[in-house]
2 protein chains.
Amino acid sequence: MSTAAGALPAVAVAVDVAVLTVHGRELRVRLARLRAGPFADAWALPGGRVRSEESLDAAARRILGAPGRGSALHLEQLYTFGSPQRDPAGRVVSVAYLALGRPTRPPFADDPRYAELAWHPVARLPALAYDHRAVVRAAVDRLRAKLAYTNIVYALLPGDFTLGELQETYEAILGRALDRRNFRKKLLSLGLLRRLDRVRRGPHRPAVLYAFRRRRPIVIDVL
Amino acid sequence: MSTAAGALPAVAVAVDVAVLTVHGRELRVRLARLRAGPFADAWALPGGRVRSEESLDAAARRILGAPGRGSALHLEQLYTFGSPQRDPAGRVVSVAYLALGRPTRPPFADDPRYAELAWHPVARLPALAYDHRAVVRAAVDRLRAKLAYTNIVYALLPGDFTLGELQETYEAILGRALDRRNFRKKLLSLGLLRRLDRVRRGPHRPAVLYAFRRRRPIVIDVL
DNA sequence: CCAAAAGTGTTGGTCTTACACCCATGC
DNA sequence: GCATGGGTGTAAGACCAACACTTTTGG
């Protein structure tokens, strides 16, 4: 049963979003430096209160920002954190979301609560407000797990990419090296990729570009 | 960020618990028939509002009932349901929990809101209140998934059991038959079980009893 | 011509699946 | 003695991990 009605709620609901991306061979999370409140000057995940007429997913998308700015290609609910002590300012239950997207220019702080926004490598986080360190850990764990049995990595890559870039992305997330031949064999055999007839030219031998056939979540044994 | 303070919350927080068990070769969920409210007379998952001083886990344990009655051996958070329309009586966000336990006698309705409690096979559910059908589906999906990579099945079995009973439990949950020889080979090879020097006597050849070495969650490749 | 990343196959081991017969007991 | 579930092994195929050399380009 879930009935509310009656007395006014004693517990508030917020949404916090951990946006992960891979940049510079590192898995990074988008953090905001808070201007005010009990954790003024500390870094925190972007978040905010759920409005009475919006769903949790809608609140998460709102916090994520307008499509085009910080737009993410994947959004999923992660876990709900509800320790009575997690917010010194009152009882707030926070529904955490995991989002995946391409690294944007750091600054798009259109939210006056935030002094600054930046991508921080998850391997060396600053002190975080609230229980956001646990949220980031949960987000990273979820991403690592899903890497093995879904195609969500598509949300972290541009429209076309080389197999080397794809492997780098996997390695950045998993934090370990993968065998190149086995990786290529496996990923090509899955049929998730479409080979383009273009190449990426760089300082060395050009690499064939690939694209994901479908850019939406599929459950499949990847690793 | 998650700060509350300021205005009174417009959104209430509840916890609903899907207790699953296996009985009579069927996966079942504990449902309560509601006495009052917008879904009077309908079946629903036991649930209730989160109190201002308790954690979400504590609320779930409270709703689960005193240890000894409906005591469950495993409890984990499942998903948070927050559609604005899910409760006709007001905006209630529900944090759903999955619990696993042994089948108890159906009746232990010490909660005056419930007319009746019963174990319903998840394969043929009655109409459920709220979005509880989706909650049960999520609970069953989670259990099925975790069967393959954890030892949580221990929470559904008594202290000692035969390999036949263990296999029946797996089959009831997965909804498909498993090869007996392969199943026994795999489970014995994992080292999760301790062979007891007792047997279960029945109308046929006695079966050796086993117990789980450790009755707490372990991540391991099971199936 | 050198450095650096791209590209490519084989082999051995492990794991999974499929499958059939005898055993011990209660009735 | 028969019905029923308990108990056991093997072989074929799939999958995974390990591993080294050649190619192509820019500078």
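Per chain, numbering begins at 1; letters A, B, ... match sequence-line order. What you are looking at is a predicted structure, and each value in this text was computed from that prediction instead of being measured.
- Qualifying ring-ring contact (aromatic ring centres under 6.0 Å, His included) partners for Phe39(A), counting only residues two or more places apart in sequence or in other chains: Tyr130(A).
- Interface remark: the Lys185(B) side chain does not form any donor-acceptor pair with the dT16(C) base, using a distance-only criterion of under 3.5 Å.
- Here ring-ring contact (aromatic ring centres under 6.0 Å, His included) pairs that include residues 163-218 of chain B, with residues two or more places apart or in two chains, are Phe161(B)-Phe212(B), Tyr170(B)-Phe183(B).
- Here the closest heavy-atom approach between residue Arg201(A) and residue Pro206(A) is recorded as NH2-CG, 4.0 Å.
- Listed by chain and residue number, Leu31(A), Trp43(A), His120(A), Leu128(A) satisfy the side chain to side chain contact (heavy atoms under 4.5 Å, CB included) test with Pro126(A) (two or more places apart in sequence, or in another chain).
- Of all nucleotides in DNA chain D, those with any atom nearer than 4.0 Å to a heavy atom of chain B start and finish, going 5' to 3', at dT4(D) to dT10(D).
- Put simply, the side chain of Gln77(B) never gets that close to the backbone of Val95(B): no donor and acceptor are under 3.5 Å apart.
- Applying the side chain to side chain contact (heavy atoms under 4.5 Å, CB included) criterion to Ala58(A), with sequence neighbours excluded, gives Glu54(A), Ser55(A), Arg61(A).
- When the side chain to side chain contact (heavy atoms under 4.5 Å, CB included) test is applied to His23(B), the partners found at least two apart in sequence or on another chain are Arg28(B), Pro103(B).
- DNA chain D lies under 4.0 Å from at least one heavy atom of each of the following residues of residues 159-183 of chain A: Asp179(A), Arg181(A), Asn182(A).
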Name each donor-acceptor pair under 3.5 Å that joins a side chain in residues 186-197 of chain B to protein atoms two or more places apart or in another chain, with its distance.
| unit_1 | atom_1 | unit_2 | atom_2 | d |
| --- | --- | --- | --- | --- |
| Lys186(B) | NZ | Val222(B) | O | 3.1 |
| Ser189(B) | OG | Lys185(B) | O | 3.4 |
| Ser189(B) | OG | Lys186(B) | O | 2.8 |

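- Between the NZ atom of Lys186(A) and the C1' atom of dG7(C) there is a distance of 20 Å, given to the nearest Å.
- Put simply, the side chain of Tyr79(B) does not reach to within 4.5 Å of the side chain of Val135(B), judged on heavy atoms.
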Under 3.5 Å between N/O atoms: give me all the protein pairs with nucleotides 25-27 of chain C, atom names plus distance.
| unit_1 | atom_1 | unit_2 | atom_2 | d |
| --- | --- | --- | --- | --- |
| dG26(C) | O4' | Pro203(B) | O | 2.7 |

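- Under a 3.5 Å cut-off, the side chain of Arg113(B) and the backbone N or O of Gly47(B) do form a donor-acceptor pair.
- Applying the salt bridge (charged side-chain N to carboxylate O under 4.0 Å, His left out) rule to pairs touching residues 202-223 of chain B yields nothing, sequence neighbours excluded.
- Overall, the helix from dC1(C)-dG27(D) to dC27(C)-dG1(D) carries an axis bend of 0° between its ends, with five pairs at each end and the value rounded to 10°.
- The distance from atom CG of Leu78(B) to atom CG of Leu98(B), rounded to the nearest 0.5 Å, is 6.0 Å.
- For Ala18(B), the side chain to side chain contact (heavy atoms under 4.5 Å, CB included) test picks out Val29(B), Leu45(B), Ala139(B), with sequence neighbours left out.
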